[in-house]
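Here the structure is laid out as structure tokens; the discussion comes afterwards.
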Amino acid sequence: MTIDLLQLLHHSDALLMFVILAIGLALGRIRIGSFQIGNTIGVLFAALLFGQMGFHISPNIESVGFMLFIFCVGIEAGPHFFSIFFRDGIRYIALTLVILISAEAIAFICAHLFNLGPGLTAGILAGSLTSTPALVAAQDALQNGMLHATGHSDMQAILSDMSIGYALTYLIGLVGLMVMIRYKPTLLGIDLEHESRKVARERGLDTSGEQKVYLPIIRAYRVGPELAAWIGGRTLRETGIYPHTGCYVERIRRNGILASPAGDAIIQEGDEIALIGYPESHEKLDLSYRNGKEVFDKDLLDRKIVTEDIVVKHSSVVGRHLRDLRLTEQGCFLNSIVRSQIEMPTNRDIMLQKGDVLKICGEESKVQKLATKIGFINVHSQTSDLVSFTGFFVLGLLIGSISLVLGTLQFGLGNAVGLLVSGILMGYLRANHPTMGYVPTGALRLAKDLGLTVFMAGIGLNAGSGLFEYLSNHGMVVLLSGLVVCMLPVIFGYLFGIFVLKMNPALLLGAITGARTCAPAVELLHDMSKNNIPSLGYAGTYAIANVLMTLAGSMLIALWF
């Protein structure tokens with residue numbers, strides 16, 4: 001029996017799609033020095049190759065991919081979007097707007113200088129900014145009736161141009177930003193490590209690039225005469241054992257009776273006390289605690305130590321500094337703070353935002369009590385709330401179907417904007433009501449990545465058939481336009497941040513990478529500054545940029561017509 005693989009691929013969209021994904025994801029693992037090609041570029045390259053060979057898939061498959069992707073982007077942005085938009089991030093919003101508005105303006109200028117059509121212009125804008133949401137929104141604006149205009153009936157040709165423009169400029173946008181981030185500080189004479197440490201000193205932040213994470217342990221000691229004399233009848237609150245030892249008094253046994261002490265408890269000679277703290281804290285204890293006095297008693301030591309991810313929710317905590325929580329006084333220990341999938345510097349002076357995830361370890365009942373006070377424990381479940389997921393997905397499609405008629409123009413939100421809005425609502429409600437809308441992080445990432453790669457495969461297949469023709473006729477013009485759209489907005493954003501917003505260069509560069517939603521660039525900044533201070537700026541612009549990038553794609557098409 002003879003099997004014609006090419007013929008089989010032509011007749012099976014599902015097989016073709018997963019062959020492209022398998023090849024593209026394998027290509028994405030290739031490293032050139034410290035630079036990794038990445039899944040998006042790998043799938044795009046594989047799809048371009050198959051598109052050049054004459055393969056194509058049903059537009060419905062591509063549509064499902066982009067809808068999944070944009071909805072998941074909204075869910076990720078939801079917990080932080082409103083707090084940034086309404087309260088904490090005016091300068092970050094302004095910086096993001098400067099970069100996006102200047103990018104759209106430059107794209108329009110290039111279009112008129114080089115006689116580029118709306119499809120190529122939108123593709124160049126999205127590719128140069130490495131913004132798939134912008135491309136998704138621009139395509140959706142044309143495909144789903146956001147705008148109907150006379151004189152532009154060849155919609156398929158415009159969509160094909162859009163795919164080609166994106167495919168040709170995406171790599172330029174990514175590499176261009178990485179190169180600018182790598183060499184701009186040197187060219188401007190900026191010591192990024194010094195500037196990061198300056199921010200750290202001003203805010204009292206920890207600049208260690210790698211934070212050691214330990215699980216606290218419990219050890220028990222018998223109170224001898226030396227320790228009793230030092231305590232001198234003072235209460236635990238007055239003694240301040242934690243500042244002196246780094247350990248917290250978890251339990252006391254007195255006359256055979258076990259108790260969890262309050263702040264007004266007084267330790268006496270002969271008591272047996274269980275101390276919880278990191279291993280190095282026990283190691284540094286004064287000899288009056290541990291020299292020959294350690295007790296091994298299962299009842300005294302039998303406390304369950306847990307590590308939980310606590311999501312900040314309550315308004316009484318949002319906007320306050322970490323030090324105000326007084327974690328150690330409650331027997332809780334902080335390992336990390338994560339905001340918008342980026343680990344923040346861990347320090348007592350960092351300001352908490354709604355949706356921040358604190359990794360806390362300590363005795364189970366105390367961690368539970370802390371979680372009730374500041375928010376809720378992120379559910380460690382492998383089960384997704386598919387009812388909420390599908391319900392909000394339907395809501396997004398309904399929002400996207402709303403349209404307005406202005407004379408001869410019919411203007412609607414489109415599926416991309418509708419799904420983004422409903423995703424934000426779901427993410428926001430999830431951050432405030434943990435019993436609804438739960439999707440495990442791994443499941444959400446899978447849906448997002450799968451949607452993105454399927455969409456990129458469709459883009460590459462559409463662009464592949466006309467790629468060589470465009471390279472020979474317009475290749476240099478498109479590549480040059482992409483380079484300009486990539487670089488100039490970053491320069492404008494930097495000047496705006498330095499002279500108008502008066503931002504520290506380390507924070508500013510982090511914010512610029514967030515406005516470009518480029519995680520590899522912020523990782524490069526971490527390496528250059530030898531700490532994660534730039535992530536403060538990245539987190540400030542990331543959530544709002546995801547939303548504004550989507551709107552930018554729709555607005556470009558609307559303004560063109």
Side-chain angles (χ1 to χ4, degrees), residues 16-32 34-52 57 61-73 76-77 122-140 162-179 181 341 416 420 444-464 467 478-479 482 485-486 513-524 538 542 545-546 549-550 552-553:
L16 174 62
M17 174 58 66
F18 280 95
V19 166
I20 292 174
L21 294 185
I23 295 174
L25 294 174
L27 288 175
R29 295 186 177 185
I30 296 176
R31 286 186 175 274
I32 303 173
S34 60
F35 175 76
Q36 185 172 4
I37 292 178
N39 292 341
T40 302
I41 299 177
V43 171
L44 185 59
F45 281 172
L48 287 171
L49 176 62
F50 277 84
Q52 185 62 35
I57 60 170
I61 297 179
E62 180 184 332
S63 297
V64 171
F66 96 73
M67 287 190 289
L68 259 182
F69 168 72
I70 206 70
F71 184 61
C72 293
V73 167
E76 286 186 338
I124 290 171
L125 175 71
S128 301
L129 298 179
T130 61
S131 173
T132 307
L135 178 68
V136 168
Q139 289 198 336
D140 185 61
M162 203 178 293
S163 301
I164 291 172
Y166 181 85
L168 290 176
T169 56
Y170 184 93
L171 187 58
I172 287 179
L174 178 60
V175 175
L177 179 62
M178 298 283 283
V179 169
I181 292 298
Q341 295 83 53
L420 184 70
L444 185 64
R445 179 60 59 88
L446 173 64
K448 180 184 174 184
D449 289 350
L450 182 61
L452 174 60
T453 51
V454 167
F455 177 69
M456 295 309 299
I459 292 296
L461 288 172
N462 290 334
L467 183 61
V478 172
L479 296 178
V485 175
C486 166
T513 61
R516 287 283 305 272
T517 62
C518 185
V522 79
E523 292 301 327
L524 177 61
Y538 180 91
Y542 177 80
N546 265 316
M549 287 279 194
T550 305

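For Phe50, the ring pair (Phe, Tyr, Trp, His ring centres under 6.0 Å) partners two or more places apart in sequence, or in a different chain, are Phe55. In this view, Leu177 and Ile181, Val490, Arg516, Cys518, Ala521 satisfy the side-chain contact (heavy atoms from CB on, under 4.5 Å) rule, not counting sequence neighbours. Scored by the side chain to side chain donor-acceptor pair (under 3.5 Å) test, Thr550 finds no partners at all (sequence neighbours excluded). Under the rule for a side-chain contact (heavy atoms from CB on, under 4.5 Å), the partners of Ala545 that lie at least two apart in sequence or sit in another chain are Thr96, Thr517. Every residue was checked against the side-chain contact (heavy atoms from CB on, under 4.5 Å) condition with Leu446, not counting sequence neighbours, and none meets it. With sequence neighbours excluded, the residues forming a side-chain contact (heavy atoms from CB on, under 4.5 Å) with Ile57 are Asp13, Leu16, Met17, Ile61, Leu461, listed by chain and number. Thr132 is linked by a side chain to side chain donor-acceptor pair (under 3.5 Å) to Tyr166, counting only residues two or more places apart in sequence or in another chain.
Judged purely by atom type and a 3.5 angstrom limit, Thr453 uses its side chain to pair as donor or acceptor with the backbone of Leu450. No donor-acceptor pair under 3.5 Å is formed between the side chain of Thr169 and the backbone N or O of Gly482.
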Just list the side-chain donor-acceptor pairs under 3.5 Å for residues 62-72, sequence neighbours left out, or say none.
{"residue": "Glu62", "atom": "OE1", "partner": "Asn462", "partner atom": "ND2", "Å": "3.1"}
{"residue": "Ser63", "atom": "OG", "partner": "Pro59", "partner atom": "O", "Å": "3.0"}

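Taken from CD1 in Ile20 to CG in Leu48, the straight-line distance is 10.0 Å, to the nearest 0.5 Å. The distance from the CD1 atom of Ile124 to the CD1 atom of Ile164 is 11.0 Å, given to the nearest 0.5 Å. Between Ser131 atom OG and Tyr170 atom OH the span is 9.0 Å, to the nearest 0.5 Å. We find the CG-SG distance between Leu171 and Cys486 to be 10.5 Å, quoted to the nearest 0.5 Å. Here Leu174 contributes atom CG and Ile172 contributes atom CD1; the two are 11.0 Å apart, rounded to the nearest 0.5 Å. Atom CG of Leu135 and atom CE of Met549 lie 12.5 Å apart (nearest 0.5 Å).
Using a 4.5 Å heavy-atom threshold, the side chains of Met456 and Asn39 count as separate.
Minimum interatomic distance between Ala134 and Ala126 (heavy atoms only, all atoms of both residues): CB-CB, 4.1 Å. Across Ala552 and Leu125, no two heavy atoms sit closer than the pair O-CD2, 4.5 Å.
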